[in-house]
Protein chains: 2
Amino acid sequence: MRVSLKDVAERAGVSIKTVSNVVNNYQHVTPGMRARVQAAIDELGYRPNLTARHLRKGRTGILALALPELGNPYFAELAGAVIDEAAAHDLTVLLDHTGGEREREVLVSQGFRAGVIDGLILSPLELEVEDLRSREDDVPLVLLGEREYDLPYAHIAIDNVAAARLAVRHLLGRGRTRIAYLGARTDSANRPAHLRLAGWREELAAAGLPAPEELIGPTAGWDRGDGAEAMARMLDAGVRPDAVFAYNDLVAIGAMRVLHERGLRVPWDVAVVGFDDIAEGRFGAVTLTTVSPDKRAIARLAVESLLRTLKNPQASPQGRELTAEFELIERESTLGRR
Amino acid sequence: MRVSLKDVAERAGVSIKTVSNVVNNYQHVTPGMRARVQAAIDELGYRPNLTARHLRKGRTGILALALPELGNPYFAELAGAVIDEAAAHDLTVLLDHTGGEREREVLVSQGFRAGVIDGLILSPLELEVEDLRSREDDVPLVLLGEREYDLPYAHIAIDNVAAARLAVRHLLGRGRTRIAYLGARTDSANRPAHLRLAGWREELAAAGLPAPEELIGPTAGWDRGDGAEAMARMLDAGVRPDAVFAYNDLVAIGAMRVLHERGLRVPWDVAVVGFDDIAEGRFGAVTLTTVSPDKRAIARLAVESLLRTLKNPQASPQGRELTAEFELIERESTLGRR
DNA sequence: GCTCGTCCTTTCAACGTTGTACAGACTTCG
DNA sequence: CGAAGTCTGTACAACGTTGAAAGGACGAGC
């Protein structure tokens, strides 16, 4: 059986509370008493039961992080950053998969592991605003990814439109004029997908270039296979872009694979820009130019925002949008030409 | 404030315990009473406080999973599998990073989040047997990765020697004779690294081939950069293998990148085999032949082993070694030639 | 009308911890 | 030397839940 305060108290011949005081470094304890209790603690190998402590205190020190899928390196890297950031604040992270399914996302937002977690960081793909409007759970919530609504939850985002425009501008600067966008999904609630497409349109318009439908490659998801499929479909249709801007690095990598199979050389025949800056993009046969969101900043903002809400529950963060920086990282996939 | 049993009880005009009975589907409750209580529950949006429930019951429904680093896709994919497997048993997973540092691993094994977690799955890199011998925490522990010791903890492994031999045999079968091994680290306690090297030696010996030191590429870690460095060092030294067997896919990918930079074509000039079967290996310019451990099986065995220990605490699993299957997946990096 | 049994509901205590309130001892100072 | 203050340790209750056991209502049987 586990050692509890009671056992230590009996061993040291003091009250339970005194042991508790020693454990918590309460100030008014004589050195002699402290030493005696500490000895008993060490002998018995006592460790506080956090469940009980937190039942009493109302805090557990556990944050939940709900992501679509750890198999996606972007989310895995982000999760790693959140875990490290949480650890810096003496918190641990409970991880859950939503599979990017709306139903699971709703479930998680409504009350995941109720009473166990102090806060929830949710990275939704398909969650709708109305799903959140009916939320009753009082666990503080932070959303990751750009959203548009008036709900009292903080969300951490980067400026997707600006980021997409930066990527497209980079390609234009390299002399590319037929720039495809891969990763369009009109049926999805995933705002970043829409915003990146919008950024693509805007930047082309600003350059006085057309944005024909044939250069928009729809995908079923945003994994490597989806990128490959979309690229293949576009090429099969006889469309021949001289550059590709992809929703994310995975889609870009899938596309590059197909370009390679079809004998189109990256970057000579087709330049490619991805999004996310996953480690994978730094080591392929052709390294990938990408928009790099500051993942550590996103993690930091999310955790800090939760902590702030925990400290000050009434001051709800009125849909405050916290913005993280991004930068374009140039690699081989957009080298050369002009 | 959160709604508790007490609130519901007051609203429904019954005792706390009756509400508890309804919540837990206790059998002797009249339908009328059940309906009345259920109505109150729904009105108030009551959700059980798991912390309290589990303080009472002694279980939290939370497993901890401690991994070196989520940035490594193998661990990310494995974590995903564990999360899914845990979810199938109504458990959630608390994730922690060890960074592969012995000190952190010891800390975690000694009592991570004491009293909160029901069990611990630890994937150690540098942990030594003696670190575990002094373990006092009574949380059930399962280790991932091949180990050699007589401690009362289950560990889940694949047969690394056999797996390495299979990989090398595959290369031999393709007519390769100068097969390098990348990822040797003599200073590490990481057994799989030693075992895979041993498998490489054994298979070469079985084929009557030499295993010269120059074909052994030491690395500082096992990431892409480490593989690239080791490969570059070997080539710079004038060593020219016709195949590479790498400790893992990341090292293999780093090596392929360098081979590509030096104008050596994979698989024509140098064939490459990795280990782990991470998704990344399926989409590069040259897809990667790899040894694929059954990650889902590993996750399943780990979770089930923990659950078994929880159900039956006294029957400690005397260092039981549970073995997962593996297979060789042939892709482009070892195509052709003979 | 009384006893007994059955079924439903409640009371009580406990899981391990900490905040509050308080008692006793010891110090300080006029 | 007495009053006031400070320091140290203790008793109690509470966090929200559930198992054990007791309480109460109701109908059946005599």
Side-chain angles (χ1 to χ4, degrees), chain A residues 1-38 40-41 44-62 111 113-118 137-139 310 313, chain B residues 1-38 40-41 44-62 111 113-118 137-139:
Chain A
M1 198 43 216
R2 233 196 130 65
V3 182
S4 78
L5 281 183
K6 196 170 125 204
D7 304 316
V8 177
E10 274 170 20
R11 171 74 153 238
V14 296
S15 82
I16 290 179
K17 191 62 217 293
T18 299
V19 182
S20 168
N21 287 339
V22 170
V23 170
N24 291 282
N25 262 315
Y26 182 70
Q27 45 180 340
H28 299 304
V29 183
T30 46
M33 175 60 74
R34 187 179 297 276
R36 193 162 113 224
V37 172
Q38 190 59 53
I41 288 175
L44 296 177
Y46 167 76
R47 305 175 145 276
N49 179 324
L50 298 187
T51 302
R53 170 178 293 177
H54 292 129
L55 170 60
R56 188 64 178 73
K57 288 206 170 185
R59 294 277 176 83
T60 61
I62 299 179
R113 291 270 121 186
V116 169
I117 62 171
D118 287 347
D137 198 14
D138 52 2
V139 169
L310 282 173
Chain B
M1 198 44 217
R2 232 197 131 66
V3 182
S4 77
L5 281 184
K6 196 169 125 205
D7 305 316
V8 179
E10 274 169 22
R11 172 73 153 238
V14 296
S15 81
I16 290 178
K17 190 64 217 294
T18 298
V19 182
S20 169
N21 287 339
V22 171
V23 171
N24 292 282
N25 262 316
Y26 181 70
Q27 46 181 341
H28 297 304
V29 183
T30 46
M33 175 61 76
R34 186 179 299 275
R36 194 164 112 224
V37 172
Q38 190 61 52
I41 288 176
L44 296 176
Y46 168 76
R47 307 177 142 275
N49 179 324
L50 298 186
T51 303
R53 171 178 292 176
H54 291 129
L55 170 60
R56 188 64 178 68
K57 288 204 165 185
R59 294 277 175 84
T60 60
I62 299 179
R113 291 270 121 187
V116 169
I117 61 171
D118 287 346
D137 197 15
D138 51 1
V139 170

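Sequence lines set the chain letters: A, B, ... in the order given, protein chains first and strands last, and positions in each chain run from 1.
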### Message
Nearest to the A:Leu55 side chain among C:dC8, D:dC15, D:dG9, which nucleotide is it?
### Response
D:dC15
### Message
Could you measure the distance from the CG atom of A:Leu5 to the CG atom of A:Leu44? Nearest 0.5 Å is fine.
### Response
11.5 Å
### Message
Among residues 21-29 of chain B, which ones have heavy-atom contacts with DNA chain D below 4.0 Å?
### Response
B:Asn24
### Query
Rounded to whole angstrom units, what separation is found between the CZ atom of B:Arg34 and the C1' atom of C:dT9?
13 Å
#### Entry: Distance in angstrom units between B:His54 NE2 and C:dT17 P, rounded
18 Å
#### Entry: Exercise: identify the closest heavy-atom pair between A:Pro48 and A:Val23
CG-CG1, 4.3 Å
### Query
Are any non-hydrogen side-chain atoms of A:Arg34 and A:Asn25 less than 4.5 angstrom apart?
yes
### Query
When you match B:Ala52 and B:Ile16 each to their closest nucleotide on DNA chain C, which lands nearer the 5' end?
B:Ile16
### Message
So which atom in A:Val3 and which in A:Tyr46 form the shortest heavy-atom distance, rounded to 0.1 Å?
### Response
O-CD1, 3.4 Å
### Query
Under 4.0 Å between a side-chain N or O of A:Thr51 and OP1 or OP2 of C:dT17?
no
### Task
Calculate the interatomic distance between A:Glu10 atom CD and C:dG16 atom P; express it in whole Å.
12 Å
### Distance below 4.0 Å between B:Thr18 side-chain N/O and C:dT9 OP1 or OP2
no
### Backbone N/O of B:His54 and side chain of B:Thr60: donor-acceptor pair under 3.5 Å
no
### Message
If the helix axis at each end comes from five base pairs, how far does the helix from C:dG1-D:dC30 to C:dG30-D:dC1 deviate from straight, to 10°?
### Response
60°
### Summary
Closest non-hydrogen atoms of A:Val19 and A:Val14, given as atom of the first, atom of the second and distance, are CG2-CG2, 3.8 Å
### Task
Would you mind telling me which of D:dG9, C:dA14, C:dT9 lies closest to the side-chain atoms of B:Arg56?
C:dA14
### Query
Contact class for A:Ser20 (heavy atom, under 4.0 Å): base, sugar-phosphate, or nothing?
base
### Query
Could you state the CG-P distance from B:Leu44 to D:dG16, rounded to the nearest angstrom?
14 Å
### Query
Is there a donor-acceptor contact under 3.5 Å from the side chain of A:Arg59 to the main chain of A:Asp118?
no
### Task
Please report the closest heavy-atom contact between A:Ala40 and A:Ala12, naming both atoms and the distance.
CB-CB, 3.9 Å
### Message
Let me spell it out: for each of B:Pro31 and A:Leu5, pick the nucleotide of DNA chain C with the closest heavy atom. Which residue's pick is nearer the 5' end?
### Response
B:Pro31
### Query
Taking CZ from A:Arg36 and C1' from D:dT8, how many angstroms apart are they, rounded to a whole number?
12 Å
### Message
OP1 or OP2 of D:dG16 versus the side-chain N and O atoms of B:Arg53: is any pair under 4.0 Å?
### Response
no
### Query
Below 4.5 Å, heavy atoms only, C-beta onward: do B:Asp7 and B:Ser4 meet side chain to side chain?
yes
### Message
Could you report the tightest heavy-atom contact between B:Ala52 and A:Leu55, atom names first, then the distance?
### Response
CB-CD1, 3.9 Å
### Query
Per the atom types in the model, does the base of C:dG19 pair as donor or acceptor with the side chain of A:Lys17 at under 3.5 Å?
yes
#### Entry: Rounded distance (nearest 0.5 Å) linking atom CZ of A:Arg36 with atom CD1 of A:Ile41
12.5 Å
### Query
Do B:Arg53 and B:Leu50 have side-chain heavy atoms sitting under 4.5 Å apart?
yes
### Task
Could you state the atom-to-atom distance from CE of B:Met33 to P of C:dC8 in whole Å?
11 Å
N/O to N/O distances under 3.5 Å, protein versus nucleotides 23-26 of chain D:
none

